[in-house]
Amino acid sequence: IGEVSDVALNEDGSVSWLPVDGATSYLVKLDGSEISVGNMTSYSGFAEGSHSISVRPIVEGDNSCFSSWSPSISVTKLGTVKADSIAYDGEYITFPSVSHASGYNVYINGEILEEGTTVKKIAYDAGSTDFTVTVKAVGSISNKVLDGAESDPKEFVYLDTVTGIRIENGVLKNYMI
């Protein structure tokens, strides 16, 4: 049986290969562990971190037909920005960097605010409204780096200015919001 060729990283974050004549299934070797993917010619189950992947065709039930593993490729899956690390100071949204990220997608209430930005301090005027922020670290397929998962939403609640505060003998009296 022939060897798997053209193992490639795709825009959707999966690794795929060309089918091998006579193969009834494929094994993926991910960081040394073998995973059966049936007759599928792609794999996309990457966890966060750096990985080595190679593929081998199988003829089920015929132990005399085998092939070598394909040359391995290296793939890195980016980490996720933690929601509790996203901040807003009334002027700027900030968040920490993710190792190997080529940029970030920043969403406000589910809508894109910045796409592929390399800046981790973004001006935003929320006005007098509540809003949520999510951030996704973006990879580079050409560098074999996959996007991270979108962060959990971080909610920011607008608090109106407190007025009408009166303090009598160190005690707060008759306040209004």
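Computed from a predicted structure; not experimentally measured.
K136 pairs by the salt bridge (Lys or Arg N to Asp or Glu O under 4.0 Å) definition with D147, not counting sequence neighbours.
Side-chain atoms of S25 and E60 include a donor-acceptor pair closer than 3.5 Å.
Contact record, S68 with E3: CB-OE1, 3.4 Å, taken as the closest heavy-atom pair. Nearest heavy-atom pair across Y26 and P19 is OH-CA, 3.3 Å. Between A101 and A137 the shortest heavy-atom distance is CB-CB, 4.1 Å. Across all non-hydrogen atoms, the minimal contact from E34 to L27 is OE1-CD1, 3.5 Å. Across P57 and S67, no two heavy atoms sit closer than the pair CG-CB, 3.6 Å. S44 approaches S14 most closely through the heavy-atom pair CB-CB, 3.8 Å.
Taking OH from Y107 and CD from E150, the interatomic distance works out to 5.5 Å, rounded to the nearest 0.5 Å. Rounding to the nearest 0.5 angstrom, the gap separating the OG1 atom in T132 from the NZ atom in K154 is 11.5 Å. Annotation: the span from T134 atom OG1 to D152 atom CG amounts to 9.5 Å, rounded to 0.5 Å.
Hydrophobic clustering (side-chain heavy atoms under 4.5 Å, transitive across Ile, Leu, Val, Met, Phe, Trp, Tyr) keeps V138 apart from L78. Connection of I35 to V59 is established within a shared hydrophobic cluster, with ILVMFWY side chains joined at heavy-atom distances below 4.5 Å, either directly or through further cluster members. Both I1 and V7 sit in one connected hydrophobic cluster of ILVMFWY residues. Membership requires side-chain heavy atoms under 4.5 Å apart, directly or through other members. Hydrophobic clustering, with ILVMFWY side chains joined whenever heavy atoms are under 4.5 angstrom apart, keeps I141 apart from Y104. The cluster map of Ile, Leu, Val, Met, Phe, Trp and Tyr, joined by side-chain heavy atoms under 4.5 Å apart, puts V145 and L30 in different clusters.
In this structure the side chain of V28 reaches within 4.5 angstrom of the side chain of W17, judged on heavy atoms.
In this structure, F131 has its ring center under 6.0 Å from that of Y124.
Evaluated for a side-chain contact (heavy atoms from CB on, under 4.5 Å) with S16, the options T41, V55, N10 yield exactly one hit, N10.
Applying the side chain to side chain donor-acceptor pair (under 3.5 Å) definition to pairs two or more places apart or across chains, none involves residues 78-96.
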